[in-house]
Amino acid sequence: MAKWFTEAWSAGVRFSVKYARKEYAERTPHQKIAFYESDELGRFFTLDGVMMACEKDEYVYHEMMIHVPMSVRPDICRVLVIGGGDGGSVRELLRYPQIAAITLVEIDERVVTLCERYFPQTSRGLRDARVSLVYADGAAFVANAVDAYDLIVVDSTDPIGPGEGLFSAAFYRDCHRILASDGILVNQHESPYFAATRREMIRAHEKIASLFPVARVYQAFIPTYPSGHWLFGFASKRLDPVADFRAGVQDAADIRTRYYNGEVHRAAFALPNDVREALAPKSK
Ligand code: SAM
């Protein structure tokens with residue numbers, strides 16, 4: 001009989017993938033992790049029953065998370081990644097020779113260890129000499145951090161379970177404090193389609209926009225995330241992602257991308273009216 005992985009996208013909508021084998025599953029001290037092999041999507045892994053990354057489309061999420069800020073400030077040198085234990089964001093960052101130091105703060109060491117074993121597509125750069133791995137809660141890490149970062153990447157799970165603190169006002173305040181004056185914060189920003197993720201999208205944006213002079217949201221099409229319509233946040237103290245966009249940054253470094261390009265960059269910030277309205281400042 002066929003075996004199906006099923007994830008609830010909302011109370012009334014589910015997403016299912018037929019899989020050939022469950023490669024491995026474990027309950028870590030923080031969450032449940034499982035790796036599956038499927039014909040259609042290749043290898044994929046889940047945390048607490050939620051799809052994190054699959055071989056077929058993980059490049060969309062990771063390219064959009066990294067190449068957008070790198071095309072606004074190409075001389076980014078010091079990077080902090082919060083979450084992202086699968087290594088996909090780090091993989092994209094390592095393609096830039098100008099990046100000297102990447103600190104990855106992942107709450108769950110088992111995500112790193114198991115992705116290295118079962119998901120090499122994203123995790124292969126995690127032992128690079130430029131990467132420092134820290135196993136800690138990202139919110140606690142930034143609360144105590146004093147270093148200045150050029151880029152902070154919040155590659156988190158949804159705001160339930162261990163990821164909750166990474167959507168709090170205190171967390172964004174600490175990120176603002178430790179970001180260099182030309183620094184950029186990017187974060188996974190949920191989806192506008194279903195009520196629960198739409199609520200989180202609005203709440204995250206309100207908090208970020210109250211702290212950062214530049215707070216923009218951009219979108220990508222990621223078929224295996226709820227609704228496929230997924231958002232990212234771009235915040236900075238000065239740099240605007242469209243006005244300050246520099247074309248050709250990847251060409252100069254001979255970086256080939258499968259999803260990201262200059263036209264996608266500009267277009268990603270053009271939001272549909274209903275998303276714009278949901279994110280517009282509310283009159284009190
Ligand atoms: N692309 C993914 C998505 O949205 O489906 C996110 C990928 S990544 C695997 C998310 C990582 O954030 C997980 O490995 C999880 O352990 C980590 N994480 C969750 N809460 C965290 C926290 N408070 N501090 C640091 N890492 C955290």
Side-chain angles (χ1 to χ4, degrees), residues 5 7-9 15 17 26-35 41 43-66 80-93 103-119 121-123 126 132-145 152-168 170-172 174-175 186-191 194 196-197 200-201 204 219-233 259:
F5 160 79
E7 174 183 333
W9 274 3
F15 165 74
V17 185
E26 172 181 317
R27 186 185 286 274
T28 79
H30 300 280
Q31 52 211 341
K32 278 188 288 185
I33 185 166
F35 294 82
L41 303 181
R43 183 75 56 91
F44 65 93
F45 86 98
T46 63
L47 288 177
D48 287 338
V50 176
M51 170 81 79
M52 287 292 120
C54 78
E55 273 182 306
K56 193 171 169 78
D57 70 17
E58 59 78 14
Y59 67 96
V60 181
Y61 176 89
H62 295 117
E63 287 186 10
M64 289 302 278
M65 193 78 133
I66 302 306
L80 174 64
V81 180
I82 305 283
D86 55 68
S89 292
V90 165
R91 178 193 66 201
E92 294 304 312
L93 288 163
T103 302
L104 178 114
V105 182
E106 162 62 58
I107 202 166
D108 194 343
E109 185 170 0
R110 294 300 288 160
V111 174
V112 170
T113 313
L114 293 172
C115 283
E116 288 186 311
R117 192 179 310 155
Y118 294 104
F119 214 68
Q121 174 168 327
T122 54
S123 58
L126 285 169
S132 306
L133 299 176
V134 177
Y135 298 113
D137 174 11
F141 181 91
V142 295
N144 296 312
I152 301 178
V153 177
V154 188
D155 186 355
S156 66
T157 42
D158 298 327
I160 10 162
E164 202 174 338
L166 305 182
F167 287 77
S168 70
F171 172 71
Y172 296 131
D174 285 319
C175 288
V186 287
N187 62 313
Q188 81 88 347
H189 213 296
E190 302 289 310
S191 164
F194 294 112
T197 51
E200 297 306 338
M201 161 197 91
Q219 60 191 1
F221 178 60
I222 307 178
T224 56
Y225 286 174
S227 85
H229 184 187
W230 205 257
L231 303 179
F232 300 84
Y259 187 88

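Both backbone and side-chain heavy atoms feed into the values below; hydrogens, waters and symmetry mates do not. Remember, predicted model here, so these are calculated numbers, not experimental data. In listed order, ligands and their atoms are each counted from 1.
- Ligand 1 has no nitrogen or oxygen under 3.5 angstrom from a nitrogen or oxygen of Leu166.
- Given atom 24 (N) of ligand 1, the protein heavy atom at minimum distance is Gly138 N, 2.8 Å.
- Using a 4.5 Å heavy-atom threshold, the side chains of Arg43 and Gln121 count as separate.
- Checking Asp155 against Tyr61 by side-chain atom types alone, a donor-acceptor pair falls below 3.5 Å.
- Here is the list of ligand 1 atoms found below 4.0 Å of a heavy atom in Met51: 5 (O).
- Near Leu47, the atoms of ligand 1 lying under 4.0 angstrom from a non-hydrogen atom of the residue are 13 (C), 14 (O).
- Considering only non-hydrogen atoms, atom 18 (N) of ligand 1 lies nearest to Ile107 out of Ile107, Val50, Ile82, Ile33.
- For atom 10 (C) of ligand 1, the closest heavy atom belonging to the protein is Asp155 O, 3.2 Å.
- Atom 19 (C) of ligand 1 has as its closest protein heavy atom Thr157 OG1, 3.3 Å.
- With hydrogens and angles disregarded, a donor-acceptor distance shorter than 3.5 Å links the side chain of Ser123 to the backbone of Cys115.
- If you check each of Glu106, Glu58, Met65, Glu190 against atom 15 (C) of ligand 1, the one with the closest non-hydrogen atom is Glu106.
- For His62, the heavy-atom gap to ligand 1 stays at 4.0 angstrom or more.
- Contacts between Tyr225 and ligand 1, counted as non-hydrogen atom pairs separated by less than 4.0 Å, involve the side chain only.
- Remark: side-chain polar atoms of Glu7 are paired, donor with acceptor, to backbone N or O of Met51 under 3.5 angstrom.
- Smallest separation of non-hydrogen atoms from Phe141 and Leu80: CE2-CD1, 3.6 Å.
- Remark: ligand 1 atoms within the under-4.0 Å shell around heavy atoms of Val105 are 25 (C), 26 (N).
- Close N/O approach between Gly163 and ligand 1 is found [any backbone or side-chain N/O within under 3.5 Å].
- Where the criterion is an N or O separation shorter than 3.5 Å, residue side chain and backbone included, Pro162 meets it with respect to ligand 1.
- For the residues Ser156, Ala136, Pro159, Gly85, the heavy atom positioned nearest atom 6 (C) of ligand 1 is part of Ser156.
- Ranking protein heavy atoms by distance to atom 12 (O) of ligand 1, first place goes to Gly83 CA, 3.4 Å.
- Between the side chain of His30 and the backbone N or O of Ile107 there is at least one donor-acceptor pair closer than 3.5 Å.
- Taking every non-hydrogen atom of Met52 and a distance limit under 4.0 Å, the qualifying atoms of ligand 1 come out as 1 (N), 2 (C), 3 (C), 5 (O), 6 (C), 7 (C), 9 (C).
- Under a 4.0 Å criterion applied to the non-hydrogen atoms of Val111, ligand 1 contributes the atoms 14 (O), 16 (O).
- A donor-acceptor pair is defined here as one N or O able to donate and one able to accept, closer than 3.5 Å; such a pair exists between the side chain of Ser191 and the backbone of His229.
- For the pair Glu92 (side chain) and Ile66 (backbone), a donor-acceptor distance under 3.5 Å is absent.
- Between the side chain of Ser89 and the main chain of Gly84, no donor-acceptor pair closer than 3.5 Å is present.
- Here His30 has no heavy atoms under 4.0 Å from ligand 1, in either its backbone or its side chain.
- Using a 4.5 Å heavy-atom threshold, the side chains of Val112 and Leu126 count as touching.
- Residues Glu58 and Met52 are not in side-chain contact: their nearest non-hydrogen atoms beyond the backbone lie 4.5 Å or more apart.
- Nearest to atom 23 (N) of ligand 1 by heavy atom, out of Thr224, Asp137, Asp108, is Asp137.
- In this structure, atom 8 (S) of ligand 1 lies nearest to the protein heavy atom Asp86 OD2, 3.5 Å.
- No donor-acceptor pair under 3.5 Å is formed between the side chain of Glu26 and the backbone N or O of Thr28.
- Using modelled atom types, no side-chain atom of Asp158 and backbone atom of Ile160 make a donor-acceptor pair closer than 3.5 Å.
- The distance from ligand 1 to the heavy atoms of Gly84 drops below 4.0 Å at these ligand atoms: 8 (S), 10 (C), 11 (C), 12 (O).
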